[in-house]
Amino acid sequence: MDKADDGRPDALGRYGKLCVVDDTQISDDLTRVLFTTEQIAGRMIELAAEIDRDYAGKDLLLVGVLNGAVMVMADLSRALTMHCKMDWMAVTSYGSGTQSSGVVRILKDLSTDITGVHVLVVEDIIDTGLTLSYLVSNLLSRGPASLKIMTAFRKPEAEQNAVEVAYVGFDIPNEFVVGYGLDYDGRYRNLTSVGALSPHVYS
Ligand code: IMP
């Protein structure tokens, strides 16, 4: 990525040429790049505009699902023109492999009471939708004023899931992807673009 090192941050808040992990640095680990840094940033801005419109005049709580949604949350929330609050949950559904275990465990719960609150869950990716189904029923049992879902990426299998997703960044093929918060075995989260992980990395 060609970025001038003039000591000032660019539109994405990045400083300098050398502090960005882009796909050119890990091209051997990827089969291809699905979305560039700029495409993702543009889509987050579009979704934020929709959310601004839909929640006008309401108090909004964004609930980020750790760890993957950190980047989405940071970009989406800063693209909103309305005020919002943020809280976080940490759940686990995958071990260190690339297949869903189907088992969801809460590692960190919300710090706030969401009774009567307009909640928008901010997800990184929906694959089978198992994690999301669990989260939705768990959060609905707490009596929010409304509950909607936003996800940066969605795989085809999620369509079969009964949970409605209000805001989708990108529908993607059924491949294991990394970057923009998405990891494989804890790595690649700080890759600024999103790419399909090469099988040689996990086989
Ligand atoms: P689901 O329960 O199958 O929808 O899986 C959701 C969770 O699995 C996400 O929040 C991610 O942590 C992880 N996940 C699913 N697909 C991918 C992927 O392609 N790359 C990285 N993580 C993934």
Side-chain angles (χ1 to χ4, degrees), residues 21-23 26-37 39-40 43-44 47 62-77 86-110 119-140 147-203:
V21 179
D22 70 18
D23 40 79
I26 60 155
S27 55
D28 285 351
D29 292 359
L30 302 177
T31 54
R32 65 197 172 96
V33 173
L34 275 82
F35 304 104
T36 64
T37 311
Q39 285 173 320
I40 297 168
R43 186 70 184 123
M44 290 306 129
L47 288 180
L62 300 178
V63 169
V65 185
L66 293 169
N67 295 319
V70 166
M71 309 299 175
V72 192
M73 182 73 131
D75 288 346
L76 186 80
S77 62
M86 289 180 220
D87 203 344
W88 301 90
M89 278 183 88
V91 296
T92 177
S93 59
Y94 278 11
S96 61
T98 59
Q99 297 295 307
S100 177
S101 69
V103 178
V104 181
R105 227 164 22 105
I106 293 186
L107 302 176
K108 183 219 168 289
D109 207 342
L110 296 175
V119 174
L120 179 61
V121 175
V122 177
E123 271 273 20
D124 51 358
I125 191 164
I126 304 172
D127 181 359
T128 62
L130 285 170
T131 312
L132 188 62
S133 304
Y134 173 84
L135 263 184
V136 165
S137 54
N138 182 297
L139 293 175
L140 279 177
L147 182 73
K148 284 193 190 180
I149 315 294
M150 179 270 166
T151 187
F153 304 99
R154 181 173 65 179
K155 292 189 188 176
E157 220 181 303
E159 301 275 7
Q160 295 154 23
N161 200 286
V163 178
E164 191 192 327
V165 183
Y167 310 97
V168 179
F170 301 96
D171 278 304
I172 65 169
N174 196 12
E175 291 174 84
F176 196 83
V177 294
V178 292
Y180 197 62
L182 295 164
D183 75 309
Y184 171 68
D185 208 9
R187 294 188 63 213
Y188 308 108
R189 286 195 201 277
N190 64 332
L191 175 65
T192 56
S193 46
V194 163
L197 192 64
S198 176
H200 82 76
V201 178
Y202 55 84
S203 57

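Order of listing sets the numbers, starting from 1, for every ligand and every atom in it.
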List ligand 1 atoms under 4.0 Å from [X], heavy atoms only on the residue side.
| X | answer |
| --- | --- |
| E175 | 19 (O) |
| L130 | 2 (O), 4 (O) |
| D127 | 1 (P), 3 (O), 4 (O), 5 (O), 15 (C), 16 (N) |
| K155 | 16 (N), 17 (C), 18 (C), 19 (O) |
| D183 | 21 (C) |

Might you point out which heavy atoms bring E164 and I149 nearest each other, and give the distance in Å?
-> O-CG1, 3.6 Å
Heavy-atom nearest option to atom 5 (O) of ligand 1, drawn from T131, V177, T92, V163 |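 Selected option, by shortest heavy-atom distance: T131.
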Would you indicate whether the side-chain heavy atoms of [Y] and [X] approach each other to under 4.5 Å?
| X | Y | result |
| --- | --- | --- |
| E123 | L135 | yes |
| M89 | D109 | yes |
| V65 | D124 | no |

[X] heavy atom under 4.0 Å from ligand 1:
| X | value |
| --- | --- |
| I125 | yes |
| N67 | no |
| G68 | no |
| E123 | yes |
| D124 | yes |

Is a side-chain donor or acceptor of R43 paired with a backbone partner of V168 at a separation under 3.5 angstrom?
->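 At least one qualifying donor-acceptor pair exists.
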So, is L182 polar-close to ligand 1, with some N/O to N/O distance under 3.5 Å?
->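 Looking only at distances, the answer is no, because the N/O contact criterion of under 3.5 Å is not met.
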Output yes when the distance from some N or O of ligand 1 to some N or O of F176 is under 3.5 Å, and no in every other case.
-> no
With F153 as reference, evaluate F170, F176, Y167 under the ring pair (Phe, Tyr, Trp, His ring centres under 6.0 Å) test and give the passing residue.
-> F170
Among all residues two or more places apart in sequence or in another chain, which pass the side-chain contact (heavy atoms from CB on, under 4.5 Å) test with T31?
->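 Listed in chain order: E175, A196, S198, P199.
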Contacts of type side-chain contact (heavy atoms from CB on, under 4.5 Å), residue Y134, not counting sequence neighbours =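 Expected list: V104, I106, N138.
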When you look at Y184 and D29, which way does the side chain to side chain donor-acceptor pair (under 3.5 Å) test go after all the steps?
-> CA-CA 11 Å; Y184 171 68; D29 292 359; over 6 Å; no
